[in-house]
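Below, all heavy atoms of this structure are taken into account, side chains as well, without hydrogens, waters or symmetry copies. Just so you know, residue 1 is the first one in the sequence shown, and it goes up from there. For ligands, and for the atoms within them, numbers begin at 1 and follow the listed sequence.
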Amino acid sequence: MTVTDDRFAKMKPFNAGRVARIPERSLPPGPRWPALLQSIALVRFRHRFVPAMHRRYGDVFTVRVMPKGSALVLFTRPEQTREIFAGDPEFFHAGKGNAILGPIMGEHSLLLQDAGEHKRARKLLMPAFNGAALRSYRGVVEELAAAEADGWRPGTPFRSLDRMNALTLEVILRVVFGVTDEQRLARLRPLVNRTVNVSPAVLLGWGYPFLQRFGPWKTTVDNQHRLDEVMYAEIAERRAAGDLHRRADVLSRLLTVGEDADERPISDEELRDQLVTLLLAGHETTATGLSWALYELGRDRAQLVRAQRAADAGDDDYLEAVMKESLRLHPVIPMVVRHLMRPATIGGIDLPAGTNVGPSILITHARSEHYPDPEAFRPDRFIGTNPPTNTWIPFGGGVRRCIGAGFSLMEGVTVLHEVLRRYDVSVPAGFTDRPKVRNITSVPQRGARIVVQPR
Ligand code: HEM
C-alpha cells in the first residue's frame, strides 16, 4: 500500500476551521503590533519576547498570531494552568493547533485528533507506554547508548546535540518501529532524517497542492512516499509474523492491542500515522533534553561528580532528577495550546469561543516562588520532593499530556547512566550556549558542545 498524492491534497490548509478575529476589548492586554510581527517575535525570538510580555502585561496576556490574527492568551500561574489542563476535551481542542503537521503525520495522528477520536487513539497507544512496556524497552536503549558512548573520541570537542539526535533516532527505529534488519534500517535512516527536518515553510505551503510538483515540496512528497513504502512493508511483514506476543517493540504491541480491543481494529494507515507521530514527537525532543543535561553537567564539576556517583550506584532517581531539571531550565517546547470551541472562564477571565489559550511553559518554569534562583541548574530540587502541581510542565498536561513522557525519562536516565559511568564531561574553555528556535522546539543554539575524558 502506498500513500497517493490524493491523500496530501486532501489535507486541509492548517488554518481551516478558525473563527473570525475576536475584538480586543474582550481579551487580556497584549501588544498592539501587527499579527505578523507578533508571530515572528513568538516563533523566532520567544525567549526574549514572552518574558518581556510577561514583565509588561503581567501573568496573563494576549498575543495575535498568523494567519488570521487569532488571539492566543498565555497564562503563567499554576492555578490557571490547572483549569486549562482540566478543561473538557470536547471543548478544549488541541488537535486543531497541530494541523500544520497533518501532511507529514497523517490525519489519524494522535496529535491531530480531538474529542472522541483522540480518546480512541490514546486508548490504543497507551498500553505501549505503560510501566511494564517501558521496562521492556530499557535493554535495547542501554545497548544502543553503550555503543554510541563507546564511539566518542576523548579530548575532541563535539556537538552533544548531534550525537544525541543520532542516538534517539536509533532508539525510535529499534524500540518504536522494531526494525532490526540492517538493510531496512539503512534505508530508513535517511528517509526518516529528511522527514524530521522538513521546514515550516514547506508545511505552510501544503494548503496549495499545486506546489507539490515543485522544489522542496516535490522532494518532501517523494521522500514521504518512499518512507511510507518501507513502513507499509514493515507493517505487512509484522502482521504476518507469528511471534508478535514475544516482541517488545511499540509497533508489535500496537498490533496485539488491535487484536483484542472490541473496537474497530487498527488499520495500516492509522498505524503508519501513529508511528510517524511518535517518531517526530519523540526523537529530537528527548535528544535536546539530554544534550542540555550533558552541557549543564559539563559546566559544573560538583554536579557532574554527584551525577557520576549516582550512575555508579545505579541511582536512577538522581539521574531522573538531572533530566527533570534540564527540562525545567531549558523547556524543549515553550507552551501548549488549546482552542476553545465554546466560551470558557479561565483564571476568572471570560473568554469567547475561538480563543486559543495555553500555559507558557517558559515562564511557569522560571517563577522564583517555586524555583528559587531559577537560572541555576540544581537537580536536587527534584530529590525527596515533587514540585507543586502544574509548576513543572515540560510534557504539558491533562488528557493530552505527552504520551512519551515516561519513555523519554527512561531513555534519558539510561543514556546518562551509560555516558557518566564511562566519562568525565566538560564544556570547551569559554564555551556557552543558549536556546534557539528550531521549528516548534527550542534547541541549544551551538549544539551544546562537550568534551569527554575516560574516567
Ligand atoms: C523530552 C522529551 C519530550 C518533551 C519535552 C515532550 C513534550 C510534549 C508536549 C509539551 C506535548 C503536548 C502536551 C499537551 O498538549 O498538553 C507532547 C505531546 C506528545 N508527545 Fe511528547 N515530548 C517528549 C518526548 C516524547 C516521546 C519520547 C514521545 C514518543 C515516543 C512523544 C510523543 C508525544 C505524542 C504522541 C504527543 C501527543 C499526545 C496527545 O495529543 O494525546 N513525546 N509532548
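Under a 4.0 Å N-O distance rule, the pair Arg159/Asp162 qualifies as a salt bridge. Taking 4.0 Å as the cut-off between side-chain N and carboxylate O, Arg272 and Glu107 do not count as a salt-bridged pair. For Arg226 and Glu229, the salt-bridge test fails: no basic side-chain N is under 4.0 Å from an acidic carboxylate O. At a threshold of 4.0 Å, the pair Arg174-Glu170 does not count as salt-bridged, since none of the basic side-chain nitrogens sits closer than that to a carboxylate oxygen.
In terms of protein heavy-atom proximity, atom 13 (C) of ligand 1 is nearest to Arg400 O, 3.2 Å. Of the protein's non-hydrogen atoms, the one nearest atom 5 (C) of ligand 1 is Pro394 O, 3.6 Å. Shortest contact from atom 38 (C) of ligand 1 to any protein heavy atom: Arg122 NH1, 3.6 Å.
The shortest heavy-atom distance from Arg338 to ligand 1 is under 4.0 Å. Distances from ligand 1 to the non-hydrogen atoms of Gly397 include at least one value under 4.0 Å.
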Q: Verify side chain to side chain contact (heavy atoms under 4.5 Å, CB included) between Thr277 and Gln274, making sure each step is shown before the conclusion.
A: CA-CA 5 Å; Thr277 300; Gln274 304 305 7; 4.2 Å; yes
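Annotation: protein N, O or S atoms under 2.8 Å of atom 21 (Fe) of ligand 1 (waters excluded) comprise Cys402 SG.
To the nearest 0.5 Å, atoms CD (Glu411) and CE (Met323) are separated by 8.0 Å. The line from NZ of Lys68 to CE of Met66 is 11.0 Å long, rounded to the nearest 0.5 Å.
Within the 4.0 Å heavy-atom criterion, the part of Leu327 lying near ligand 1 is the side chain and not the backbone. Here Val336 has side-chain heavy atoms under 4.0 Å from ligand 1, and that is the only part of it that gets that close.
Taking Phe177 as the reference, nothing meets the ring pair (Phe, Tyr, Trp, His ring centres under 6.0 Å) condition, with sequence neighbours excluded.
In summary, the atoms of ligand 1 found under 4.0 Å from a heavy atom of Leu111, numbered by their order in the structure, are 37 (C).
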Show me the donor-acceptor pairs, under 3.5 Å and distance only, between side chains in residues 399-407 and residues at least two apart or in other chains.
residue: Arg400; atom: NE; partner: His118; partner atom: NE2; Å: 3.2
residue: Arg400; atom: NH1; partner: Gln113; partner atom: O; Å: 2.8
residue: Arg400; atom: NH1; partner: Asp114; partner atom: OD1; Å: 3.1
residue: Arg400; atom: NH2; partner: Leu110; partner atom: O; Å: 3.1
residue: Arg400; atom: NH2; partner: Leu111; partner atom: O; Å: 3.4
residue: Arg400; atom: NH2; partner: Gln113; partner atom: O; Å: 3.1

Below 3.5 Å, can you tabulate the donor-acceptor pairs from side chains in residues 293-300 to any protein atom, sequence neighbours excluded?
residue: Tyr295; atom: OH; partner: Arg299; partner atom: NH1; Å: 3.4
residue: Tyr295; atom: OH; partner: Asp433; partner atom: N; Å: 2.8
residue: Glu296; atom: OE2; partner: His330; partner atom: NE2; Å: 2.8
residue: Asp300; atom: OD1; partner: Ala302; partner atom: N; Å: 3.2
residue: Asp300; atom: OD1; partner: Gln303; partner atom: N; Å: 3.2

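Ligand 1 has an N or O atom lying under 3.5 Å from an N or O atom of His118, backbone or side chain.
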